[in-house]
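Values below: all heavy atoms of this structure, side chains included; hydrogens, waters and symmetry mates excluded.
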Amino acid sequence: MDRKTYTIDATGKPLGRLAVEIVKILRGKNKTDFDPSRDMGDVVVVKNVEKIKFTGKKLKQKIYLKHSGYIGGLKEIPLERLFEKNPKEVLRKAVWGMLPKNKLRKKMIKRLKII
């Protein structure tokens, strides 16, 4: 299979809209012979992730949850702090959540390159 490489500039684009665009390419939905049971997507390279735009009050209100598995081990990380620390992880989490929850998910996310 011949995979193309798409380069996307994230400057000024809202996070969700950008993630949807990336997922379509990773899954291969932009191709005429799309099959949901096959991994036929392309490689996506994203530039300028630190210039993503957030709409509304998401930067202050959105919280990512993570649990250690122990009692009382729930960790809360606000979007604002995670974006300051690692803007690439914010985009990766958005794309990860939009990919189908099956065996192809890990293969698809590996083709996402964030610069």
Side-chain angles (χ1 to χ4, degrees):
M1 175 181 294
D2 187 32
R3 296 192 194 272
K4 292 182 184 176
T5 302
Y6 289 85
T7 305
I8 298 174
D9 186 18
T11 305
K13 292 185 180 178
L15 176 64
R17 306 267 175 143
L18 178 64
V20 167
E21 188 179 333
I22 292 168
V23 169
K24 283 181 186 176
I25 297 169
L26 288 176
R27 288 196 67 195
K29 290 188 102 173
N30 57 340
K31 297 183 177 184
T32 56
D33 58 342
F34 170 69
D35 182 10
S37 64
R38 291 177 46 215
D39 183 20
M40 54 195 325
D42 296 319
V43 178
V44 179
V45 178
V46 184
K47 296 180 180 177
N48 299 323
V49 182
E50 58 280 346
K51 296 177 185 173
I52 288 177
K53 185 174 85 174
F54 295 98
T55 57
K57 299 179 183 177
K58 286 186 195 75
L59 211 53
K60 300 281 183 193
Q61 293 179 349
K62 185 167 178 62
I63 296 174
Y64 292 101
L65 301 175
K66 183 170 78 172
H67 202 284
S68 67
Y70 291 96
I71 296 170
L74 185 65
K75 308 269 191 223
E76 294 182 351
I77 304 166
L79 172 62
E80 186 174 32
R81 195 168 62 189
L82 183 63
F83 190 71
E84 286 173 6
K85 192 168 119 179
N86 191 359
K88 296 176 183 180
E89 187 64 24
V90 173
L91 181 62
R92 188 174 307 280
K93 281 180 179 275
V95 172
W96 178 258
M98 291 184 185
L99 287 172
K101 282 72 174 172
N102 58 24
K103 292 180 179 182
L104 299 176
R105 189 183 205 188
K106 288 182 183 176
K107 292 179 184 177
M108 289 180 195
I109 198 74
K110 285 180 183 175
R111 288 197 311 274
L112 174 62
K113 311 294 182 204
I114 303 173
I115 299 174

Separation between OH (Y64) and CG (L79), nearest 0.5 Å, reads 5.0 Å
Answer yes or no: does atom CZ of R105 have more than 12 heavy-atom neighbours from other residues, nucleotides or ligands under 6.0 Å?
-> yes
Among pairs that include at least one residue of residues 10-48, which meet ring pair (Phe, Tyr, Trp, His ring centres under 6.0 Å), considering only residues two or more places apart or in two chains?
-> none
Contacts satisfying salt bridge (charged side-chain N to carboxylate O under 4.0 Å, His left out) that involve residues 50-59 (not counting sequence neighbours) are none
Which residues share a salt bridge (Lys or Arg N to Asp or Glu O under 4.0 Å) with K62, sequence neighbours left out | none
hydrophobic_cluster_shared for L59 and L18, side chain cutoff 4.5 Å = yes
Same apolar cluster: L26 and M40, side chain cutoff 4.5 Å | no
Single-linkage hydrophobic cluster, 4.5 Å side-chain cutoff, M108 and I8 together = yes
Which atom names give the shortest non-hydrogen contact between A10 and V49, and what distance separates them?
-> CB-CA, 4.3 Å
Output all residues satisfying side-chain contact (heavy atoms from CB on, under 4.5 Å) with V20, sequence neighbours left out; order by chain, then residue number.
-> K24, M98
Hydrophobic cluster (4.5 angstrom, side-chain heavy atoms) - remaining members for L65 | I63, L74
Which atoms form the tightest heavy-atom contact between P14 and T55, and what is the distance?
-> CB-CG2, 4.4 Å
Partner set under salt bridge (Lys or Arg N to Asp or Glu O under 4.0 Å) for K31, not counting sequence neighbours = D42
For K113 and K110, indicate whether the former's side chain and the latter's backbone hold a donor-acceptor pair under 3.5 Å.
-> yes
List in chain and number order the residues that pass side-chain hydrogen bond (donor to acceptor under 3.5 Å, both in side chains) with N30, two or more places apart in sequence or in another chain; answer none if no residue qualifies.
-> Y6
Non-neighbouring partners of F54 that pass ring-ring contact (aromatic ring centres under 6.0 Å, His included), sequence neighbours left out | F83
Output all residues satisfying side-chain hydrogen bond (donor to acceptor under 3.5 Å, both in side chains) with T11, sequence neighbours left out; order by chain, then residue number.
-> D9, N48
For R111, what residues pass the salt bridge (Lys or Arg N to Asp or Glu O under 4.0 Å) criterion, not counting sequence neighbours?
-> D39
Positive for side-chain contact (heavy atoms from CB on, under 4.5 Å) with L112, one of L99, V46, V23 | V46
Is it true that I109 and I25 fall in one hydrophobic cluster, defined by side-chain heavy atoms closer than 4.5 Å?
-> yes
Kindly compute the distance separating CG (L104) from OG (S37), expressed to the nearest 0.5 Å.
-> 8.0 Å
State the CG-NZ distance between L91 and K13, to the nearest 0.5 angstrom.
-> 11.0 Å
Could you list all the side chain to side chain donor-acceptor pair (under 3.5 Å) pairs where at least one residue sits in residues 73-101, not counting sequence neighbours?
-> K60-E80
Taken in chain and number order and not counting sequence neighbours, the residues that satisfy side-chain hydrogen bond (donor to acceptor under 3.5 Å, both in side chains) with D33 are none
Can you find a heavy atom in the side chain of I115 that is under 4.5 Å from one in the side chain of V45?
-> yes
